[in-house]
Amino acid sequence: MAYSVAICLGIFAGPPGAAGPVTDPAAGSSVNRQEYASRLHAARIAYFKVIATGSSTADNEAHAALATFEREYPEDAIGKAYHGSLELLDAAHSWRIWNLHRQAADGMSLLDAAVAQAPDEPEVRFLRAATDWHLPGFYHRRAQSESDFALLAGRAEEDVRRGKLPPELAAAALSYWGQILVGRGDREGAKSAFGAAIRVAPKSPAGEDAARRVAELR
């Protein structure tokens with residue numbers, strides 16, 4: 001899927017939203033929602049630039065942005081998930097074979113810890129599902145990825161309505177799920193998933209891809 005996770009420099013190019021927790025689990029106190037959203041917004045943009053460009057400069061910027069975010073919100077599950085996914089991106093581009101497996105293990109551990117910490121946080125689930133989807137088969141993460149996408153697809157439209165997941169990420173989750181269903185021979189289920197992707201974000205890369213896939217299933 002060409003758009004895969006690069007769904008998106010455009011997703012987060014606008015002003016940051018107010019989604020996210022309002023308490024800092026580490027401090028046990030209320031945090032400024034807008035400040036939290038702004039810092040998370042910066043980390044997201046930096047992360048997606050790595051996916052879009054693959055450059056070492058973008059990777060360094062992403063690590064710096066995430067370090068800033070994690071200093072302020074050290075126990076935040078979304079930050080942990082982005083960190084884990086970034087570790088796996090680094091491993092994929094590493095030529096240092098002695099570092100590759102350690103980085104991959106660290107990344108998967110962070111993603112799993114983030115989901116365990118916040119199992120109902122859709123952005124965390126999306127990051128693990130999409131990252132796992134692109135891992136080589138010997139990591140044995142595909143079944144988990146499909147399970148995460150099934151969960152996301154079942155609640156994606158509601159999560160968008162509640163402001164818990166950006167529409168573009170919801171559309172991507174639905175389109176991934178549609179492709180999984182195509183692979184299982186469930187054409188009607190796939191059409192339904194693609195149709196939901198189109199509804200939530202018709203002009204996004206995932207929404208446009210879903211429209212093409214629906215046409216191919218007719």
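The figures that follow rest on heavy atoms only: side chains count, while hydrogens, waters and symmetry mates do not.
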Which atom pair, heavy atoms only, marks the closest approach of [X] to [Y]?
{"X": "Ala201", "Y": "Pro167", "result": "CB-O, 3.7 Å"}
{"X": "Ala210", "Y": "Ala197", "result": "CB-CB, 3.8 Å"}
{"X": "Ala65", "Y": "Ala42", "result": "CB-O, 4.1 Å"}
{"X": "Ala58", "Y": "Thr53", "result": "CB-OG1, 3.5 Å"}
{"X": "Val214", "Y": "Gly195", "result": "CG2-N, 4.3 Å"}
{"X": "Ala81", "Y": "Leu111", "result": "O-CD2, 3.4 Å"}

**Request:** Evaluate the criterion side chain to side chain contact (heavy atoms under 4.5 Å, CB included) for residue pair Thr131 and Leu89; output intermediate values, then yes/no.
**Result:** CA-CA 9 Å; Thr131 304; Leu89 286 172; over 6 Å; no

Single-linkage hydrophobic cluster [X]~[Y], side-chain heavy atoms < 4.5 angstrom:
{"X": "Leu169", "Y": "Val200", "answer": "no"}
{"X": "Phe48", "Y": "Leu110", "answer": "no"}
{"X": "Ile51", "Y": "Leu86", "answer": "yes"}

**Message:** Can you tell whether the side chains of Lys80 and Asp76 come within less than 4.0 Å, N to carboxylate O?
**Reply:** no

**Request:** May I ask you to decide whether Glu158 forms a salt bridge with Arg155, counting only side-chain N to carboxylate O separations under 4.0 Å?
**Result:** no

**Request:** Evaluate the side chain to side chain contact (heavy atoms under 4.5 Å, CB included) criterion for residues Phe126 and Asp159: first the C-alpha distance (whole Å), next the side-chain angles of each, then the deciding distance (0.1 Å), finally the verdict.
**Result:** CA-CA 12 Å; Phe126 177 84; Asp159 282 337; over 6 Å; no

**Message:** Go through it in stages, so that I can follow the logic: the residues are Asp106 and Arg102, the test is salt bridge (Lys or Arg N to Asp or Glu O under 4.0 Å), and I'd like the CA-CA distance, side-chain angles, deciding distance and then a yes or no.
**Reply:** CA-CA 6 Å; Asp106 288 348; Arg102 177 187 59 78; 3.4 Å; yes

**Prompt:** Given the rule in the salt bridge (Lys or Arg N to Asp or Glu O under 4.0 Å) test, do Lys203 and Glu208 qualify, once you have shown the distances and angles that lead to the verdict?
**Reply:** CA-CA 6 Å; Lys203 299 300 183 184; Glu208 292 177 349; 5.6 Å; no

State the [atom1]-[atom2] distance between [X] and [Y], to the nearest 0.5 angstrom.
{"X": "Leu88", "Y": "Gln103", "atom1": "CG", "atom2": "CD", "result": "8.5 Å"}
{"X": "Phe149", "Y": "Asp132", "atom1": "CZ", "atom2": "CG", "result": "8.5 Å"}
{"X": "Glu216", "Y": "Phe194", "atom1": "CD", "atom2": "CZ", "result": "8.5 Å"}
{"X": "Glu70", "Y": "Thr68", "atom1": "CD", "atom2": "OG1", "result": "9.5 Å"}
{"X": "His134", "Y": "Ser85", "atom1": "NE2", "atom2": "OG", "result": "9.5 Å"}
{"X": "Glu188", "Y": "Leu217", "atom1": "CD", "atom2": "CG", "result": "8.5 Å"}

Does the [X] side chain pair with the main chain of [Y], one donor and one acceptor, at a distance under 3.5 Å?
{"X": "Ser145", "Y": "Ala129", "answer": "yes"}
{"X": "Glu146", "Y": "Trp133", "answer": "no"}
{"X": "Arg125", "Y": "Val115", "answer": "no"}

Would you mind reporting whether [Y] and [X] have side-chain heavy atoms less than 4.5 Å apart?
{"X": "Leu66", "Y": "Glu61", "value": "no"}
{"X": "Leu40", "Y": "Tyr73", "value": "no"}
{"X": "Leu135", "Y": "Met108", "value": "yes"}
{"X": "Leu174", "Y": "Ile198", "value": "no"}

**Asked** Among Arg44, Lys164, Arg128, whose salt bridge (charged side-chain N to carboxylate O under 4.0 Å, His left out) with Glu123 holds?
**Response** Arg44

**Prompt:** Is the gap between the ring centers of Tyr82 and Phe69 under 6.0 Å?
**Reply:** no

**Request:** Run the numbers on Glu35 and Glu72 for side chain to side chain contact (heavy atoms under 4.5 Å, CB included), then give the verdict.
**Result:** CA-CA 10 Å; Glu35 181 180 334; Glu72 294 294 324; 4.2 Å; yes

